[in-house]
Structure formats: C-alpha cells, structure tokens
Q: 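Here you go, one structure.
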Amino acid sequence: MTIITPPPITRQITRESAMRVRFAPSPTGYIHIGNVRTAIINYLIAQKTGAVMVLRIEDTDMERSTVESEKSIMEDLKWLGIRWQEGPDVGGNHGPYRQSERFGIYREYTEKLLAQGDAYHCYCSQEELDAMRAEAESKGTAFTYNGKCRNLTPEQKKKLEAEGRRPTVRFRVPDGETVSFRDHIKGPVTFSSENIGGDFIIVRSDGTPIYNYIVTIDDTLMGITHVIRGEDHLSNTPKQILVARALGLNVPEYAHLALVLGPDRTKLSKRHGITSLNLYREEGYLPEALINYLAMLGWASDTGEEIIPIKDIIAQIDITNLAKSAAIFDFQKLKWMNGKHLRELPLDRATDLFTPFIAKAGYDVSDRKFIERIVSVVQVKCEVLSDIGRLAGIFMEDAPEPDDEAAAMLRSEEGRQVIEAAAALFAGEINAGNFAESLVNAVKDRTGLKGKKLFMPLRALITGRLQGPELDQALPVIGFERVSKRIERCRKTFC
RNA sequence: GUCCCCGUCGUCUAGGGGUCGAGGACACCGGGUUUUCAUCCCGGCAACAGGGGUUCGAAUCCCCUCGGGGAUGCCA
C-alpha cells in the first residue's frame, strides 16, 4: 500500500461536461451476481451515452480486502466483455483508483472537517457502543449515537487517550436538515437528518476511512456525473450528501437500481449459493447470455423480444426505463436464455467455446475437425457449455457402458430384437461404406419396429443412453468401428 | 422499532386514465413437426394486494391499510 501526498483540495475538484460513470466493487471475494448486474448496467449505459467508465477498487476494509479478489473481479468483468477507460490497471487522470492508495487525500478532508467542527474524535469503545445498541434494542427504539463525545475538552481527551483508547472520527450530523435528491430511477427521495442514526463514524480507530465518508469524495474528485448503484445504498445517500455539503463538494446524480433477490425474496447473497460469477463461467454460461438476462431483469426491450444482442440492448436501454421494483433471480430462465444463445452460435465459435469443456471432461481434443463434427451434432442439445461433457463420450469412447435407463431399454423385448438385428446386419450386408445411411432402416425392416419403439432401443444401443443427438447425424461421427464394437458389446451383455 | 424504497400471472415483465373481458417470456400442462429424446411450432393454465377517493371512465392519479425489501456496522 502506498500513501500518496495529497494535492491541495481545491485543485482536485474537476468539473467535466461529459458523462462519467463508475463501478466500485470491494475486493472481498468473488464478484457476486448482483454486483455483476450493477457493472453491466453501468457499462451498457456508458456504451449508450459515450460516458467514460471508471473502475474504482473500494478496499478500505483492510481485514477483508485481498489482491486476489481484486484480480478475479477484473478478470470476470473482462470475461464478460466489460471495459473501463480508467482504473487501477489502466490508469487515468483521476487516480489513484484504489482507495487504499488515497488515504492521504481523505486525511486532508478529515482535518478540514475536524477544523470546521463538522467532525470530532469519539473515544467510545466497541463494547460501550454495543451496550448502547443493545439497550436501544431492548427498549424497541432506534439506536442513535448519543453524542457523548461531541464536546470533549482537551483534558478529557487526554485522559481517555491515557487509558489507551484510540479514537474514531465521527461526522457531526446537523439538526433539522432535510436532504432530498431526485433519483433517476426512484424519483424524488427525501430524508430528514434526524433519521439517519446520529453522528456516524467516518474514520476507524486505526485511521482508515469508512465507505459512506469517502465515496462521495472519490466520486466528485473522479468527476463522476452519474452514480448508478444498488438500491441498498439508497438509505446511505443522505449521509454521503451531508458529508459533501460540509466539505463543499457537489454531489453527482443518482440512479439506484432495484435489487436482485434470491428465491426467498431477500437480497441475493452468498447464502443463495449460485451467486458468484465464476461459477457461471465454469458451468459454461456465455457472457452475452448473462448480460442479456441480467439486463432483462428489471428492463424490457421495445418489442418485447427477449433474446436480444448486446448492441440492441445498448440502443434501447435507458437510465429512465429501468424497473423500480426488485426482481427475483430466475436461474431456470437464465439457463433457457443461455441455451438460446448457445444454439445461435456459429459452428466455428461454438467449437472454440466447447473445446475446453470437452477437454475438462477428460477427452482428447487435438483433432479440431472431429471436435467440430461433434459440436455440430450436439450443439442443439446443450443449454450450457458443460452439458457437452456428458455427451462427448458418445463419440469419444469405443463402447461406453449404457446407463441404467438405456440398459433397461436394451433388456426389453424390443431392445433384444434391435440388438440381434443390428448384429446380424453387421455380420452381413452392412459395412463401413453404407452403415450410416442403412442401419436404421435395415433394423426397421428386419424387426418390423418403428417410431419410438425402433429409435429408443437403437439410441440405447448406439449411444448408451436414451437422450442425445439425432441418430442420423451421430452415426457417421461415431464411425463404423465403434458402432460395431457397441453392438458386439450389447449382444454379449443383453442377449 | 424507526427511516427509505417497492407492490400486474408461481417468476421476469408490457401497460402510464378509455383501444385491457390485461399482452409477451420462463416454468408447468396438452397437441403438432421430427421414422427418436431434444430443438422448433401451436394451444392451455395463470395476475392488476385490499379499501376508500378523483373521474363519464382507473391496472394506470391521490390517500389509507396490508404485504415485501433495504438501511439502521469501527462492512461496502
């Protein structure tokens, strides 16, 4: 961590006419799907308006912030295709872009607040605060810091410090002040300064600043014109505005996005399991599907079309047509949407994307042509890229063991008929040159079976399962040798 | 508890005073295409939270109630 010397406050404040937005994650773990949506909306709006996108790392919580998660967040954003023009990795004129590197700047503002009397040192310990909170709780009233340390004399301070107490800095919340602003999504919002919980801590006893204090400093210093963030920040906004007022900083415009909820209707969090983006990536979700789905959560296209390319989303989305109410994350619909995007992929790109998943399932992917043929046959069967892991064996293994369903099918009356017919055909009229075109009909003629009764046993025989690719298409890809081995194996096992 | 936000099918939404006996999508159920599962196509089920206003007319505007969520941290 480097602490830079702060430039004079006045020189730092920049006014810019162009729109600037930011995404400000805190690097305390994998990026979470709710934050991903915030990032996506910021990105989409930036693309639409030509706004500069800033990435700021909010790592003031030294306990929980890690460089690894900062890295993974940036990687995930890049994977999604989200780009920023300013950030810790690319630099820019409003840096540094890590809050941990801006402590010197905040310190200067803290001195100013202290000097103005808008902030003061508070010596109450964690335990004392907890006790006050517990008492308020038991009385059923709201906890508001009582201002105990508001007017300490130098002597009192000295005495408290002598006890070994390290003070925090609290912001002195003015009485009877109204804070209102016009939110781009929610409309006009008004708070009274009486209702924000009393004087709040802006600097921890270890000297590190707190989010609600520095967020507005950074936003104005970085020239952010529009703060687009989750609704969970709505109630914090008045604190931030009060700080800005005391500091003489002008506040940005706000757009508070309705929250993404889990199936239990509470704010989506780790508890809901499937929330970190890398999990989706690993399962084989496509960036374009994720963006499509997440954008659609709380927004609808002009035509009502749901599967929509990113460029069309950018063309149509607007800060004013985003939903005001929270939305439940529907995993099933996302999966459906991913399948739609997956099926529309051109073969070449689909092959690129599927290949690592085939490799991950343990198969050799060195023969690109062969992989491409497999993909062309099973692409339509997949909803996520990892689905191919279960299907690849059909083409890659000599004689895979039929699964339970398929085995049951092969043991049935029709199953045996089909196996024997196929075996006989392979011993005679069917050969490497004609098997792909002839097998199905030859078995049909020999057994008299048709429709489902023909295809299901055949499917079980050839692929070892009841669900899978179109048989006509799969046969030539599997190849004569392997089909022959499978028939032989099944004949021995089931007849 | 207090403050703030929100409230159309189970879920995501369209709608913004008459064209709404409420439209689309996911899911679910039925049917069709496919000599096969799936894809694809067609059909069905299913909602304006409740109560008061305002208005000739309210899902749409206002108020109350109820319900949900968020904030209330030396987290962000």
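Here is the naming used below: chain letters follow the sequence lines, and residue numbers restart at 1 for every chain.
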Q: Taking B:rG69 as the reference, what is the distance to B:rC62 when you measure between their C1' atoms (whole Å, please)?
A: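 My reading of the C1' atoms in B:rC62 and B:rG69 gives 24 Å.
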
Q: For B:rU55, give the paired nucleotide (Watson-Crick: N1-N3 plus N6-O4 or O6-N4; G-U: N1-O2 and O6-N3; both under 3.5 Å), or none.
A: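 Looking at the geometry, B:rU55 pairs with no nucleotide.
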
Q: What pairs meet the salt bridge (Lys or Arg N to Asp or Glu O under 4.0 Å) rule with one or both residues in residues 196-206 of chain A, with sequence neighbours excluded?
A: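 Applying salt bridge (Lys or Arg N to Asp or Glu O under 4.0 Å) to every pair that reaches into residues 196-206 of chain A, excluding sequence neighbours, yields A:Arg150-A:Asp199.
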
Q: Would you classify A:Gln332 as touching base, sugar-phosphate or nothing, given that sugar-phosphate means primed atoms plus P, OP1 and OP2, and contacts are heavy atoms under 4.0 Å?
A: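 It contacts sugar-phosphate atoms only.
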
Q: A:Asp403 CG to B:rC37 C1': how many Å, rounded?
A: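 Spelled out: CG on A:Asp403 to C1' on B:rC37 is 12 Å.
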
Q: Considering residues at least two apart in sequence or located in another chain, which fulfil the side-chain hydrogen bond (donor to acceptor under 3.5 Å, both in side chains) criterion with A:Asp59?
A: A:Ser100

Q: Whole Å only: how far is the NZ atom of A:Lys450 from the P atom of B:rU34?
A: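 Those two atoms, NZ and P, are 13 Å apart.
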
Q: So, A:Arg229 and A:Thr237: side-chain donor and acceptor under 3.5 Å apart, yes or no?
A: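 Yes.
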
Q: Paired with B:rG16: which nucleotide, if any, by Watson-Crick or G-U wobble criteria at under 3.5 Å for both distances?
A: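 When the pairing criteria are applied, nothing turns out to pair with B:rG16, so the answer is none.
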
Q: Under the rule for salt bridge (charged side-chain N to carboxylate O under 4.0 Å, His left out), what residues qualify as partners of A:Arg64, not counting sequence neighbours?
A: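 If we apply the salt bridge (charged side-chain N to carboxylate O under 4.0 Å, His left out) test to A:Arg64, skipping adjacent residues, the hits are A:Asp61.
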
Q: As a quick check of understanding, evaluate side-chain contact (heavy atoms from CB on, under 4.5 Å) for A:Ile201 and A:Val169, giving each step before the final call.
A: CA-CA 6 Å; A:Ile201 293 173; A:Val169 179; over 6 Å; no

Q: For A:His233, which residues count as a ring pair (Phe, Tyr, Trp, His ring centres under 6.0 Å) partner, sequence neighbours excluded?
A: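 For A:His233, the residues satisfying ring pair (Phe, Tyr, Trp, His ring centres under 6.0 Å) (neighbours in sequence not counted) are A:Tyr211.
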
Q: Could you give the CD1-to-P distance, from A:Ile328 to B:rG7, as a whole number of Å?
A: 14 Å

Q: Quote, to the nearest angstrom, the P distance that separates B:rC3 from B:rA59.
A: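 Roughly 31 Å separates the two P atoms.
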
Q: For every nucleotide of nucleotides 38-44 of chain B, 5' to 3': is a protein heavy atom under 4.0 Å from its base (B), only from its sugar-phosphate (S), or from neither (-)?
A: BSS----

Q: Please name all residues satisfying salt bridge (charged side-chain N to carboxylate O under 4.0 Å, His left out) with A:Glu128, sequence neighbours left out, ordered by chain then number.
A: A:Arg165

Q: How many Å lie between CD on A:Glu305 and C1' on B:rC26, as a whole number?
A: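 Those two atoms, CD and C1', are 15 Å apart.
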
Q: For A:Glu127, enumerate each residue passing the side-chain hydrogen bond (donor to acceptor under 3.5 Å, both in side chains) test, keeping only those at least two apart in sequence or located in another chain.
A: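 By the side-chain hydrogen bond (donor to acceptor under 3.5 Å, both in side chains) rule, A:Glu127 matches A:Ser125.
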
Q: Cation-pi check, A:Lys157 to A:Tyr123: give yes when NZ or CZ is under 6.0 Å from the six-membered ring centre and within 45° of the ring axis, no otherwise.
A: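 No, A:Lys157 does not sit over the ring of A:Tyr123.
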
Q: Between B:rA27 and A:Lys333, counting only base atoms on the nucleotide and side-chain atoms on the residue, is there a donor-acceptor pair under 3.5 Å?
A: no

Q: Closer to the 5' end of RNA chain B via nearest nucleotide, is it A:Gly451 or A:Glu306?
A: A:Glu306

Q: Can you measure A:Asn195 atom CG to B:rC5 atom P for me and round it to whole angstrom units?
A: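 Answer to the nearest Å: 12 Å.
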
Q: Which of residues 295-304 of chain A have a heavy atom under 4.0 Å from RNA chain B?
A: A:Met296, A:Leu297, A:Gly298, A:Ala300

Q: Is it the case that the side chains of A:Asp264 and A:His272 hold a donor-acceptor pair, with the cut-off being a distance below 3.5 Å and no angle test?
A: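 A:Asp264 and A:His272 do have a side-chain donor-acceptor pair below 3.5 Å.
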
Q: Would you measure the distance from the C1' atom in B:rC9 across to the matching atom in B:rA27 and give it in whole Å?
A: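 Taking atom C1' in both B:rC9 and B:rA27, they lie 12 Å apart.
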
Q: Taking the C1' atom in each of B:rG24 and B:rC42, what is the distance between them to the nearest angstrom?
A: 16 Å

Q: Taking atom C1' in both B:rA25 and B:rC45, compute the distance separating them and give it to the nearest angstrom.
A: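 The answer is 15 Å between these two C1' atoms.
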
Q: What integer number of Å spans the P atoms of B:rA22 and B:rC6?
A: 28 Å

Q: Taking side-chain hydrogen bond (donor to acceptor under 3.5 Å, both in side chains) as the test, write out the residues that go with A:Glu413, two or more places apart.
A: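 A:Gln417.
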
Q: Rounded to whole angstroms, how far apart are CE on A:Met337 and P on B:rG24?
A: 17 Å

Q: Assert yes or no for the condition that the ring centre distance of A:Tyr293 to A:Phe329 is strictly below 6.0 Å.
A: yes

Q: If you take any heavy atom closer than 4.0 Å to RNA chain B, which residues from residues 434-448 of chain A end up in contact?
A: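 The stretch gives A:Val440, A:Asn441, A:Lys444 as the residues lying under 4.0 Å from the strand, ordered by number.
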
Q: With both distances under 3.5 Å as the test, what is the Watson-Crick or G-U wobble partner of B:rG30?
A: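 Matched B:rG30 with B:rC42 under the 3.5 Å cut-off.
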
Q: Expressed in whole Å, how much space separates the C1' atoms belonging to B:rG73 and B:rG51?
A: 40 Å

Q: Would the A:Tyr254 and A:His256 ring centres measure less than 6.0 Å apart?
A: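 Centroid distance A:Tyr254-A:His256: below 6.0 Å, so yes.
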
Q: Using atom P of each nucleotide, how far apart are B:rC29 and B:rG23 to the nearest Å?
A: 23 Å

Q: Take atom CG of A:Leu257 and atom P of B:rC5, then tell me their distance rounded to the nearest Å.
A: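 Rounding to the nearest Å, CG of A:Leu257 and P of B:rC5 are 17 Å apart.
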
Q: Apply side-chain hydrogen bond (donor to acceptor under 3.5 Å, both in side chains) to residues A:Ser69 and A:Thr66 and explain how you reach the verdict.
A: CA-CA 6 Å; A:Ser69 66; A:Thr66 64; 3.0 Å; yes

Q: Does A:Tyr97 have any ring pair (Phe, Tyr, Trp, His ring centres under 6.0 Å) partners at least two apart in sequence or in another chain, and if so, which?
A: none

Q: Heavy atoms under 4.0 Å, any strand shown: does A:Thr144 hit a base, just sugar-phosphate, or nothing?
A: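 Contact class for A:Thr144: none.
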
Q: For A:Arg465 and A:Arg390, indicate whether the former's side chain and the latter's backbone hold a donor-acceptor pair under 3.5 Å.
A: yes

Q: Nucleotide by nucleotide, 5' to 3', does protein get under 4.0 Å of the base (B), only the sugar-phosphate (S), or neither (-) in nucleotides 66-76 of chain B, counting heavy atoms?
A: ---SBS-SBBB

Q: What is the distance from NZ of A:Lys186 to P of B:rC3, rounded to the nearest Å?
A: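 Checked: the NZ to P distance equals 18 Å.
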
Q: Identify the nucleotide, in any strand shown, that forms a Watson-Crick or G-U wobble pair with B:rG67, with both distances under 3.5 Å; if there is none, say none.
A: B:rC6

